[in-house]
Amino acid sequence: MTSRRGKSAIVGVGEIPTGRYPDQGAISFALDAARAAIADAGIDKDEIDCVIPTTAVFSFQFSNELSTGRLVEELGLKNVTVNVNAFSGGSSSTNALRIAGALIETGRVRTVLFVHCDKLG
């Protein structure tokens with residue numbers, strides 16, 4: 001999500017194909033999807049100044065990795081000043097987008113990386 005003239009827009013999307021990946025942890029999916037979204041947006045990763053991951057119920061470890069900024073570290077994001085975690089059940093994505101939009105509209109941040117990842121059994 002990025003800001004242009006006081007408006008917010010989704011400019012890049014990344015996703016991992018649905019499937020069974022028993023040998024990979026969820027953090028690898030989150031990182032791959034984030035990299036794909038950054039590439040799709042056509043921006044430099046250092047433009048990102050906010051990361052909003054949504055936590056998942058399936059794994060305390062994965063939720064902790066997201067909450068403590070592992071995405072920021074693994075992706076090498078140097079200008080992130082806000083890392084806020086969104087979790088509100090089935091409306092996590094909607095609420096994360098609302099938070100991102102509010103942060104952009106108020107001028108607190110310019111470019112948000114929103115990551116929603118889950119690994120089902």
Side-chain angles (χ1 to χ4, degrees):
M1 222 172 178
T2 190
S3 176
R4 302 247 191 252
R5 298 185 197 128
K7 297 189 180 195
S8 302
I10 296 172
V11 297
V13 177
E15 69 178 318
I16 305 303
T18 301
R20 295 193 181 273
Y21 304 94
D23 298 334
Q24 288 182 275
I27 193 69
S28 69
F29 302 129
L31 290 164
D32 289 347
R35 288 182 187 107
I38 294 166
D40 186 51
I43 63 170
D44 185 283
K45 66 181 176 71
D46 290 332
E47 292 180 53
I48 298 167
D49 54 359
C50 176
V51 176
I52 302 178
T54 60
T55 57
V57 176
F58 79 93
S59 169
F60 173 77
Q61 178 183 349
F62 177 61
S63 293
N64 188 47
E65 289 173 335
L66 294 176
S67 299
T68 57
R70 181 156 178 204
L71 289 174
V72 174
E73 292 174 11
E74 294 277 342
L75 294 170
L77 307 178
K78 297 178 181 171
N79 295 313
V80 172
T81 59
V82 176
N83 183 39
V84 60
N85 200 330
F87 181 74
S88 49
S91 62
S92 294
S93 294
T94 300
N95 286 327
L97 290 172
R98 286 181 184 148
I99 292 166
L103 288 167
I104 290 169
E105 298 291 329
T106 60
R108 177 64 179 90
V109 301
R110 288 186 44 84
T111 306
V112 177
L113 173 63
F114 165 59
V115 180
H116 182 104
C117 181
D118 212 342
K119 183 174 182 179
L120 306 174

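Atom set for the values below is all heavy atoms of this structure, side chains included, hydrogens, waters and symmetry mates excluded.
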| task | Could you grab the distance from atom OG1 of Thr111 to atom CG of Asn79, nearest 0.5 Å is fine? | result | 10.0 Å
| So how far is it from Ile99 CD1 to Thr94 OG1, rounded to the nearest 0.5 Å? | 11.0 Å
| note | Heavy atoms of Val115 and Ala34 approach each other most closely as CG2-CB, 4.1 Å
| Audit row: Leu77, Val51, side chain to side chain contact (heavy atoms under 4.5 Å, CB included) steps and yes/no | CA-CA 9 Å; Leu77 307 178; Val51 176; 3.8 Å; yes
| query | What is the minimum heavy-atom distance between Gly14 and Ala36, and which atoms define it? | reply | CA-CB, 3.7 Å
| message | Checking the side chain of Ser28 only, and the main-chain atoms of Gln24 only, is there a donor and an acceptor separated by less than 3.5 Å? | response | no
| task | Could you pull out all residues at least two apart from Ser92 that satisfy side-chain contact (heavy atoms from CB on, under 4.5 Å)? | result | Thr54, Phe87, Ser88
| task | Kindly give the heavy-atom pair with the smallest separation between Glu74 and Leu31, and that separation in Å. | result | CB-CD2, 3.5 Å
| said: Can you tell me how far apart CD1 (Ile52) and CG (Asn83) are? Round to the nearest 0.5 Å. | reply: 9.0 Å
| query | Rounded to the nearest 0.5 Å, what separation is found between the CD atom of Glu15 and the CG atom of Asp40? | reply | 10.0 Å
| query | Do the side chain of Lys45 and the main chain of Gly76 share a donor and acceptor less than 3.5 angstrom apart? | reply | yes
| query | Heavy-atom distance under 4.5 Å between the side chains of Arg108 and Thr81, does that happen here? | reply | yes
| task | Could you walk me through whether Arg35 and Leu75 pass side chain to side chain contact (heavy atoms under 4.5 Å, CB included), step by step? | result | CA-CA 8 Å; Arg35 288 182 187 107; Leu75 294 170; 3.6 Å; yes
| field | CD1 on Ile43 to CZ on Arg110, rounded to 0.5 Å | value | 10.5 Å
| request: Considering non-hydrogen atoms only, spot the tightest contact between Val13 and Ile10 and give its length. | output: CG2-CG2, 4.2 Å
| Audit row: Ile48, Val112, side chain to side chain contact (heavy atoms under 4.5 Å, CB included) steps and yes/no | CA-CA 6 Å; Ile48 298 167; Val112 177; over 6 Å; no
| Nearest heavy atoms of Cys50 and Val109, plus distance in Å | CB-CG1, 3.7 Å
| query | Stepwise, does the side chain to side chain contact (heavy atoms under 4.5 Å, CB included) test hold for Ile27 with Leu71? | reply | CA-CA 8 Å; Ile27 193 69; Leu71 289 174; 4.3 Å; yes
